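Bear in mind that the values here come from a model prediction, so they are computed numbers and not experimental data. Proteins come first, then strands; the chains are lettered A, B, ... in the order of their sequence lines, and each starts at number 1.
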Protein chains: 2
Amino acid sequence: MLELAILGFLSDHPLHGYELRKRVAALMGHVRPVADGTLYPAIKRLAAAGWVTRKDEPGVAAAPRRVLYLTGEGREELERRLREPADLDISDENRWFTLLAFLRHLDEPDAQAAVLRRRLAFLEEPTSFFYDGERPMAAEEFADPFRQGLLVIAQATSHAELTWLRNTIAELEKAPAAG
Amino acid sequence: MLELAILGFLSDHPLHGYELRKRVAALMGHVRPVADGTLYPAIKRLAAAGWVTRKDEPGVAAAPRRVLYLTGEGREELERRLREPADLDISDENRWFTLLAFLRHLDEPDAQAAVLRRRLAFLEEPTSFFYDGERPMAAEEFADPFRQGLLVIAQATSHAELTWLRNTIAELEKAPAAG
DNA sequence: TGAGCATACCTCGGTGTCGATATATATTGA
DNA sequence: TCAATATATATCGACACCGAGGTATGCTCA
């Protein structure tokens, strides 16, 4: 979900909601727009869970800003979610948010390269791709031309993500590792 | 949504819920699994709207089947939805269901080729791809390397769909047009 | 002076999806 | 004979998301 992307953004540095809103829109508004009625409740949930704290910043703008800070627990939660296989599942329609969290969380190359590699392995694993979730697939179902069409599209998408991940990892390894 | 896929399936011929469930799972369970708690309420909605009728088929299986028939209004609704530009939006996360409806609705080549061509035009239109939804994009935002990554992935996905659509249309035109 | 817009936050109702659960019969295999 | 499994349908609560609407201030331009 969106929560993951927010945690990813805040791992860079604190932001107020409106700035967050703008950054999400700028980065992926053309692919995956986010409504205010989605963003602000998401922030509220994260605050209720203790993953972000909010502090009012008086008199810097037209309307009072509530600056969002990622807590220690919030950082742990982000790292946990990025490690979770569920969030790497290609069937996850909110894959975009997962990717966005990845993208905003590249400050620590060593740890991140490992996470990216795990996602890459998941995508490369052929069985994960043909897994039905319930039962083995019959031969005739497997050969269905309609199914083939969907498969081609899904594979192309995964392939694009994979290529991007490979390039990203390569760049991380070129850069000097921190710590 | 799922409704579109169901209407698409039923446009082929009547099915009972469990058969529908199996076909959806076989076709795209590995990409987009559908829960029972999603499917049956969706059928109920379609029935309430008058787009499908249900008739109990006694004693053919372990449990009694409720066979689903697409009504005339249901067929009109399907065609209306496939023509709607909203359902062609690349930001639509339920694009899979749209594609599935397309796939199951290829019985009438002439009409369908037109629909597919419209979707193709939408994907090829460069402005639709860079549209922010709210405001023009600043140059620096445009060049953001993170944004580039997301864009590459989104473009690859659209490109895969596009290629598939081209092939599908080509096959439709090879086949003799009905009527 | 006033309109309009950007900034900034938020609520509310409706909806679609999920996971868990319920029910009940027929078939298959140990 | 007993336990699974497959068949078949359905409800329920929880939850994330959306669109519409609300509130209020400050800036700019006519």
Would you tell me if any nitrogen or oxygen in the side chain of [X] comes within less than 4.0 Å of OP1 or OP2 on [N]?
| X | N | value |
| --- | --- | --- |
| Arg45(B) | dT17(C) | yes |
| Arg54(A) | dC10(C) | yes |
| Tyr18(B) | dT9(D) | no |
| Arg66(B) | dT9(D) | no |
| Thr38(B) | dG16(C) | no |

Any salt bridge between [X] and [Y], counting N to O under 4.0 Å?
| X | Y | result |
| --- | --- | --- |
| Asp36(B) | Arg21(B) | yes |
| Glu3(B) | Arg45(B) | yes |
| Glu77(A) | Arg81(A) | yes |
| Glu79(A) | Arg75(A) | no |
| Glu19(B) | Arg23(B) | yes |

Heavy atoms from C-beta onward define the side chain here; which of [options] lies closest to that of [X]?
| X | options | result |
| --- | --- | --- |
| Tyr40(A) | dT11(C), dC17(D), dC18(D) | dT11(C) |
| Asp36(B) | dC18(D), dT9(D), dA8(C) | dT9(D) |
| Arg65(B) | dA10(D), dC9(C), dA8(D) | dA8(D) |

Rounded to whole angstroms, how far apart are [atom1] on [X] and [atom2] on [N]?
| X | N | atom1 | atom2 | result |
| --- | --- | --- | --- | --- |
| Lys44(A) | dA16(D) | NZ | P | 13 Å |
| His16(B) | dA10(D) | NE2 | P | 12 Å |
| Leu2(B) | dC18(C) | CG | P | 8 Å |
| Leu15(B) | dA8(D) | CG | P | 12 Å |
| Leu68(B) | dA10(D) | CG | C1' | 13 Å |
| Leu39(A) | dG19(D) | CG | P | 14 Å |
| Leu20(B) | dT9(D) | CG | C1' | 13 Å |
| Glu3(A) | dC17(D) | CD | C1' | 12 Å |

Under 4.0 Å, heavy atoms only, any strand: does Gly37(B) hit a base, just the sugar-phosphate, or nothing?
base
